[in-house]
Amino acid sequence: MHQEDRGLLFYQDHLELPTVERAQGIWMWDTAGRRYLDGCSGAVAVAIGHGDPRVLAALERQARKVTFAYRTQFENRPAHQLATRLVTQLSQGLNRVFYTSGGSESVEAALKLARQYHLAKGDVGRFKIISRFPSYHGSTLGALSVTGYAPLNDPFTPLTLPHLYVQAPTGPGGRMLDPESYVAACAAELEGVVQQAGPDTVAAFILEPVGGASTGALVPPPGYLGAITEVCRRHGILIIYDEVMTGIGRTGAFSAYQHWENDEPVGAEVDILALSKGLGAGYIPLGAIVCRSEIADTVVAGGGFAHGHTYAGNPLACAVGNAVLEVVAEDGLVENARVRGAELVAGLKGIQSGNSIVGDVRGLGLLTALEFVADPETMEPFPAELDVHQMMTGLAREQGLLVYPRRSRGGNVGDHILVAPPLSIDGPELAELLDRLGTAVAALQRRLVA
Ligand code: PLP
């Protein structure tokens, strides 16, 4: 790249980054020939690894037939096949599919579908959405309205919907001490927010069943998802699971809600599921919402879903989605995420035991995180100005390892990194990841603790 080509693009910050040249499996190379282990699947998107020839072949095959056909003019086979593939993996009557081209679009669609469902039922007063803090649901205005991450919310508060938040179950100071009474307190908090809003004004509750970037792979305490199900059901509030990051096998189940759906006395229940990242898997922009048939049928009978984007359900994207799901099934990647995920968490705990700055290791399947703290007893975070999450990411990069940094406590303070390699990672590759990560964390420990 010529130096003068730089500077025309702008993103969120001023990082000087290497230029990517190519990628294969869990590895990426820059134009200087340096090799990086993709320890976070890009933005936790590249679910099956880079450059899979089966997906590239499917992409080319479909591109030679037809890349675009608009959904009001044609049906297309890849779109129908993909819908079948998705619903056969899901349960709870989640069997109507609506396509999007990304995660924020899926969240927008889910929120609007919830509103239209209530309208179609004559429940016109229901429009409010409750979400959790911290959380991440996307960057478009609707998805941002339900996101709980202060630096992203604050500039746009005058433009976004009023926030109705409950605390994500992070536990006091980032740790859960007594899960049972804590879950009861979370359910009581949700009940309180519902009562304050007016139960018959609330359309939906949206949550990430396993947290993503904002909480750092937060796994709900036992009983939590059942407890919030019970509150929502009692008040006729739809339950939206944002599985943009957790869907398509990431946590060791095809969809993360499936880990808890059979819990007694009440399990996780889903009305609308939002998917994206792992579906296009970095090969093409693609997303979907999948809802209970009664929701879609009610909205369609009421005149149709008043929503949609140009590229939604195009044959090229859906052909890629089909190929990705075939690879996931053929290579047993959901099972691999479960098995390798357990190894990864064990390895991260090993790193924690040798480094006092690692306050918490959490996650499920291949969605895991390390949280860095000044005091592991109190979980006191490092001063925000140290930017420990970015420091850690730089040190990992020096080891040729990519990780995904964020602030833990709602955006202004706290530091964690996501470790979420492609679901295709094998044993030796995982050992290599842990080795590089261990070296980088030890360097961070030396830098922060005298
Ligand atoms: N929802 C969740 C849980 C996410 O993790 C993300 C992205 O990180 C989004 C929504 C937004 O997805 P996108 O960046 O594709 O718009």
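In each ligand, atom 1 is the first atom listed, and ligand 1 is the first ligand listed.
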Taking atom CZ as the centre, does Arg77 end up with more than 12 heavy-atom neighbours from other residues, nucleotides or ligands that are less than 6.0 angstrom away?
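Atom CZ in Arg77 is not packed in, count stays at 12 or less.
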
Within 6.0 angstrom of Phe74 CZ, more than 12 heavy atoms from elsewhere:
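No, not enclosed.
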
Do Tyr165 and His163 have their ring centres less than 6.0 Å from each other?
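Judged by ring-centre distance (under 6.0 Å), Tyr165 and His163 do meet the cut-off.
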
Atoms in ligand 1 flagged as close to [X], the criterion being non-hydrogen separation under 4.0 Å:
X	answer
Asp242	1 (N), 2 (C), 3 (C), 10 (C)
Met245	5 (O)
Val244	1 (N), 2 (C), 4 (C), 6 (C), 9 (C), 10 (C), 12 (O)
Gly138	10 (C), 11 (C)

Pairwise side-chain contact, [X] with [Y], heavy-atom cut-off 4.5 Å (strictly under):
X	Y	answer
Leu218	Pro169	yes
Val361	Thr368	no
Leu238	Phe205	no

For Gly103, is at least one N or O under 3.5 Å away from an N or O on ligand 1?
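Yes: some nitrogen or oxygen of Gly103 is under 3.5 Å from one in ligand 1.
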
Should the proximity of His137 to ligand 1, defined as any heavy atom under 4.0 Å, be assigned to the side chain, the backbone, both, or neither?
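For His137, only backbone atoms sit under 4.0 Å from ligand 1.
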
Hey, is Glu243 one of the residues with a heavy atom under 4.0 angstrom from ligand 1?
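Glu243 does not count as a contact of ligand 1 under the 4.0 Å cut-off.
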
Would you indicate which of Ser104, Ser135, Gly287 comes nearest to atom 11 (C) of ligand 1 when only heavy atoms are counted?
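It is Ser104 that holds the nearest heavy atom.
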
Which protein non-hydrogen atom lies closest to atom 8 (O) of ligand 1, naming both residue and atom, and how far is it?
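Atom 8 (O) of ligand 1 sits closest to the protein heavy atom Lys277 NZ, 2.9 Å.
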
Is it the case that Tyr117 and Glu294 place a side-chain donor and acceptor less than 3.5 Å from each other?
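A donor-acceptor contact under 3.5 Å links the two side chains.
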
